[in-house]
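Here's the structure, in structure tokens; my notes come after.
Just so you know, these numbers use all the heavy atoms, side chains as well, and skip hydrogens, waters and symmetry mates. Because the structure is a prediction, the values reported are computed rather than measured. Residue numbers start from 1 in every chain, and the chains themselves are labelled A, B, ... in the order their sequence lines are given, proteins ahead of strands.
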Amino acid sequence: MSIYDTLNKEQKEAVLRTDGPVLLLAGAGSGKTRVLTHRIAYLIDEMGVKPWNILAITFTNKAAGEMRDRVDRLVGFGADQVWVSTFHSSCVRILRRYIDRIGYDNGFTIYDADDQKTVMKAVIRRLNLDPKIYKERNFLSAVSSAKDELISVSEFERRAAGDYNRSLQARAYREYQETLRANNALDFDDIIVKTVELFRNCPEVLDSYQERFQYIMVDEYQDTNTAQFELVRLLAEKYRNLCVVGDDDQSIYKFRGANIRNILDFEKYFPEAAVIRLEQNYRSTQAILDAANAVIRNNTGRKEKTLWTGRMGGEKVRFRQFDSAYEEAEYIAEEIARKAVKKGMEYRDCAVLFRTNAQARLLEERMIMEGVPYNVVGGTNFYSRLEIKDILAYLKTVDSGRDDVAVRRIINVPRRGIGNATLEKAEEFARLRGIGLYSAFERVDEIEGLGRAAAKIRSFVELIRKFREARSRMTVAELIQLIIEQIGYEAYLQDYDDDGEDRIANVDELITKAVNYAKTHEEATLQEFLEEVALVADIDNVNDNDNRVLLMTLHSAKGLEFPCVYLAGLEDGLFPGYMAVNSDSIEDLEEERRLAYVGITRAKDELILTSARTRMIRGETQYNPVSRFVREIPPELLESGSAFGRKTADSRAASAFTDRRRDVSQGDSGARAARGSDGVADYRPKAIVRPKVTPRADKPFIAKGIGSLNQLAGISRGAVYKAPEALTYSVGDRVSHMKYGEGKVIKIDREERDYKVTVNFDKAGQKIMYASFAKLKRL
DNA sequence: GCCTCACACGTTTTT
DNA sequence: CGTGTGAGGC
């Protein structure tokens with residue numbers, strides 16, 4: 001009895017057919033991850049393939065981690081040598097070694113969406129275009145789609161000839177690309193594009209990777225774009241041992257350039273390809289699968305397949321319509337709470353999925369009221385919070401200083417009295433000499449007409465110089481702490497806005513992450529840390545051990561499964577979104593339908609669909625009909641219950657909620673700042689919820705599992721920041737500091753969540769610092 | 001140079 | 001409704 005005997009006939013075929021191209025059409029829940037992991041095991045154990053000759057590409061880091069774990073368990077030895085990672089991580093790894101061959105520096109930085117916007121805005125200004133008319137978003141999406149299709153600047157220009165608007169985009173594209181190059185930066189798309197460019201221009205580099213990756217597997221293949229396809233094609237060209245796994249019915253990233261032709265035309269590029277279909281679903285009940293099939297059937301141009309399951313019967317899919325989105329949220333939260341208490345359901349077995357991130361808020365509020373522990377995946381990424389970006393910009397500048405966007409971001413944070421006029425002079429100086437902004441700062445004495453600002457710039461340069469010098473002898477975490485302390489960042493955040501405390505807690509989380517990073521990586525360089533940070537997705541940080549309900553978009557839910565799934569906001573105009581409803585292309589609606597299919601097929605045992613008659617969107621009340629996707633499910637497959645079309649006990653009970661709601665919704669300006677470390681929202685700012693946190697006494701209240709509520713109660717979970725209960729030193733004591741050496745404590749002020757300590761250092765003089773960051777030791 | 005206030009504008013979805 | 005931006009006053 002071998003591990004392969006547990007596979008069905010098709011799965012086994014996919015595992016055993018190791019040589020040559022294979023297109024594996026794997027329906028939802030058909031065990032494709034199982035096939036991939038067993039295939040890797042088979043290659044290593046039975047075929048004698050060296051683990052390092054195998055490359056497996058997944059969609060998210062989380063999926064990569066899981067795959068590696070499973071391979072680890074299957075193969076005794078060498079699993080850690082298999083490359084399992086995302087497109088982006090793999091490419092960055094390659095580019096770090098070789099990008100100098102195509103004219104970048106190997107120490108390149110990675111720009112996120114925010115940085116891209118900053119650059120494009122500057123481009124628009126430089127091109128003397130009216131920013132009122134030309135939005136950076138439009139240019140950026142034109143640039144991004146061009147890159148997805150591997151269209152170079154010159155190719156874009158050629159195609160744009162004669163078209164005014166296109167020509168403008170072409171100019172913006174060129175200018176944008178040149179700026180990135182000058183800053184030695186790559187955007188997300190470049191990471192793929194530049195790798196393809198490298199392979200095309202340097203045959204010897206390509207050859208070395210072709211030799212290295214003799215067996216290649218690509219998961220979620222339906223979501224690859226043209227650039228990614230070309231990358232894979234190049235790598236696989238020599239040995240042609242390429243196995244792609246996908247499901248055209250689950251292609252949901254067209255907006256990001258995913259090219260469904262990659263799957264439909266695979267056999268054209270690889271005529272010798274074996275096509276294997278996995279059609280047995282091991283995940284869902286027949287009832288759920290019937291609903292999924294009923295919906296997806298309405299799409300045209302699919303690869304025909306019929307999913308079936310051995311799990312006959314099952315509970316009918318439920319549908320409930322409510323008068324308002326509040327009632328919808330209440331129903332979901334209340335029911336989850338009830339199931340947890342009465343039926344002993346684990347919170348982690350349950351997910352609430354929705355179309356847009358904005359829907360999370362209402363659900364969240366309600367979860368808190370019901371005392372249901374939850375996590376929100378996505379929304380605003382942890383690393384795009386302004387306080388985090390500030391610190392990262394400091395780190396980037398310390399690391400290289402070539403990134404003008406980063407330098408510009410921090411030159412006046414905190415306020416140093418360096419304003420626009422000064423900056424423009426410095427930028428002009430830099431531009432004329434073809435150097436970076438930071439290099440210009442280093443030559444500040446040569447810049448004319450700066451007046452008093454020159455001294456301010458000089459001390460900024462000195463500050464960075466000190467950080468650089470300190471870098472070699474400290475960990476990333478220590479460096480961050482040093483920066484925070486030196487620039488007085490905590491105090492800056494404290495009175496930046498109402499969310500000072502939340503922001504400080506976020507910075508603290510960053511330090512915790514840096515500490516953890518050092519623990520898991522032998523050579524934890526600053527550059528690697530920055531890279532890691534740039535490439536994480538929110539879903540990557542979801543911890544399966546957390547016993548919480550997950551709230552997330554349908555996109556984030558791809559690849560996951562849950563015993564119980566709530567699909568919320570099934571309304572025409574929301575899901576499918578109004579864009580798709582009003583689009584003249586049937587394609588857009590079909591993509592939404594595939595999204596619905598993905599959502600439905602996440603459920604193993606229980607699926608509940610909900611919708612609301614009214615919903616507030618952008619301050620406006622919208623009235624939406626029930627989603628066409630619900631209507632596509634035959635009534636006999638649905639249990640529509642009493643809430644359908646009528647006022648119910650549920651909705652009547654909700655009026656109390658409506659009254660309480662007013663104080664809930666006012667002033668949640670802090671919502672953004674209040675996410676936990678992982679890009680997973682752990683709590684809401686006090687303004688929204690603090691007065692509301694009265695978890696019912698009869699609810700199970702698992703204190704340790706409910707980060708959100710701990711946060712609300714003012715309990716910080718950060719390891720580093722935690723305000724000490726009592727200090728180990730007091731006024732008059734001699735203390736030592738990591739950087740300043742020894743000194744005497746002059747004064748201690750108790751502040752809301754920390755102590756402010758004034759120390760007179762023997763060498764460095766008098767400093768005021770926060771106890772939690774300073775880590776003073778009594779002598 | 002910095003702060004405050006008023007107003008316009010908009011979101012699908014994300015590596 | 002919420003955020004980001006721009007004008008105007010200090």
Residues passing the salt bridge (charged side-chain N to carboxylate O under 4.0 Å, His left out) test with A/Asp249, sequence neighbours excluded, are A/Arg302, A/Lys305
Quick one: which residue pairs count as a side chain to side chain donor-acceptor pair (under 3.5 Å) with a foot in residues 135-144 of chain A, not counting sequence neighbours? A/Ser144-A/Asp189
What integer distance in Å separates A/Asn138:CG from B/dC9:C1'? 13 Å
For A/Arg96, what residues pass the side chain to side chain contact (heavy atoms under 4.5 Å, CB included) criterion, not counting sequence neighbours? A/Val92, A/Phe108, A/Gln527, A/Glu531
Work out how far the C1' atom of C/dG4 is from that of B/dT13, and round it to whole angstrom. 22 Å
Restricting to side chain to side chain contact (heavy atoms under 4.5 Å, CB included), what partner residues turn up for A/Arg233, sequence neighbours left out? A/Phe229, A/Glu230, A/Glu237, A/Tyr269, A/Phe270
Just to be sure I understand the rule, does A/Asp223 reach a base, reach only the sugar-phosphate, or reach nothing, if contact means heavy atoms closer than 4.0 Å? nothing
Hey, do the aromatic rings of A/His555 and A/Phe354 have their centres closer than 6.0 Å? no
What does the list of N/O pairs under 3.5 Å between the protein and nucleotides 13-15 of chain B look like, with a distance for each?
unit_1: B/dT13; atom_1: OP1; unit_2: A/Asn357; atom_2: N; d: 2.9
unit_1: B/dT13; atom_1: O4'; unit_2: A/Arg355; atom_2: NH2; d: 3.4
unit_1: B/dT13; atom_1: O2; unit_2: A/Arg355; atom_2: NH2; d: 2.4
unit_1: B/dT14; atom_1: OP1; unit_2: A/Thr553; atom_2: OG1; d: 3.0
unit_1: B/dT14; atom_1: OP1; unit_2: A/Ser556; atom_2: OG; d: 3.4
unit_1: B/dT14; atom_1: OP2; unit_2: A/Asn357; atom_2: ND2; d: 3.4
unit_1: B/dT15; atom_1: O4'; unit_2: A/Arg256; atom_2: NH1; d: 3.4
unit_1: B/dT15; atom_1: O2; unit_2: A/His88; atom_2: NE2; d: 3.0

Dump every N/O contact between nucleotides 3-6 of chain B and the protein below 3.5 Å, one line per pair.
unit_1: B/dC3; atom_1: OP2; unit_2: A/Arg415; atom_2: NH1; d: 2.7

Under 3.5 Å between N/O atoms: give me all the protein pairs with nucleotides 5-10 of chain C, atom names plus distance.
unit_1: C/dT5; atom_1: OP1; unit_2: A/Lys121; atom_2: NZ; d: 2.1

Identify, with sequence neighbours excluded, every residue that meets salt bridge (charged side-chain N to carboxylate O under 4.0 Å, His left out) alongside A/Glu591. A/Arg594
Base, sugar-phosphate or nothing for A/Arg594? Non-hydrogen atoms, less than 4.0 Å. nothing
Atom-to-atom span, NZ of A/Lys456 to P of B/dG1 - whole angstrom: 8 Å
Whole-Å distance, A/Arg618 CZ to C/dG4 C1', equals 15 Å
In terms of side-chain heavy atoms of A/Arg361, which of C/dG2, B/dG10, B/dG1 is nearest? C/dG2
Rounded to whole angstrom units, what separation is found between the CD atom of A/Glu620 and the P atom of B/dT11? 15 Å
With sequence neighbours excluded, residues passing side chain to side chain contact (heavy atoms under 4.5 Å, CB included) with A/Ile617: A/Leu574, A/Arg615, A/Gln622
With sequence neighbours left out, what residues match A/Asp130 under side chain to side chain contact (heavy atoms under 4.5 Å, CB included)? A/Lys132, A/Ile133
If you take all heavy atoms of A/Ile192 and A/Phe87, which pair is closest and at what distance? CD1-CB, 3.9 Å
Which part of the nucleic acid, if any, lies within contact of A/Gly417, taking any heavy atom under 4.0 Å across all strands shown: a base, the sugar-phosphate backbone alone, or nothing? sugar-phosphate
Between A/Asp588 and A/Arg416, just flag the one whose closest nucleotide in DNA chain B comes earlier from the 5' side. A/Arg416
In whole angstrom, give the distance that lies between atom CG of A/Leu140 and atom P of B/dT11. 13 Å
Ring pair (Phe, Tyr, Trp, His ring centres under 6.0 Å) partners for A/Tyr111, two or more places apart: none
Taking only residues two or more places apart in sequence, or in another chain, which ones meet A/Lys456 in a side-chain hydrogen bond (donor to acceptor under 3.5 Å, both in side chains)? none
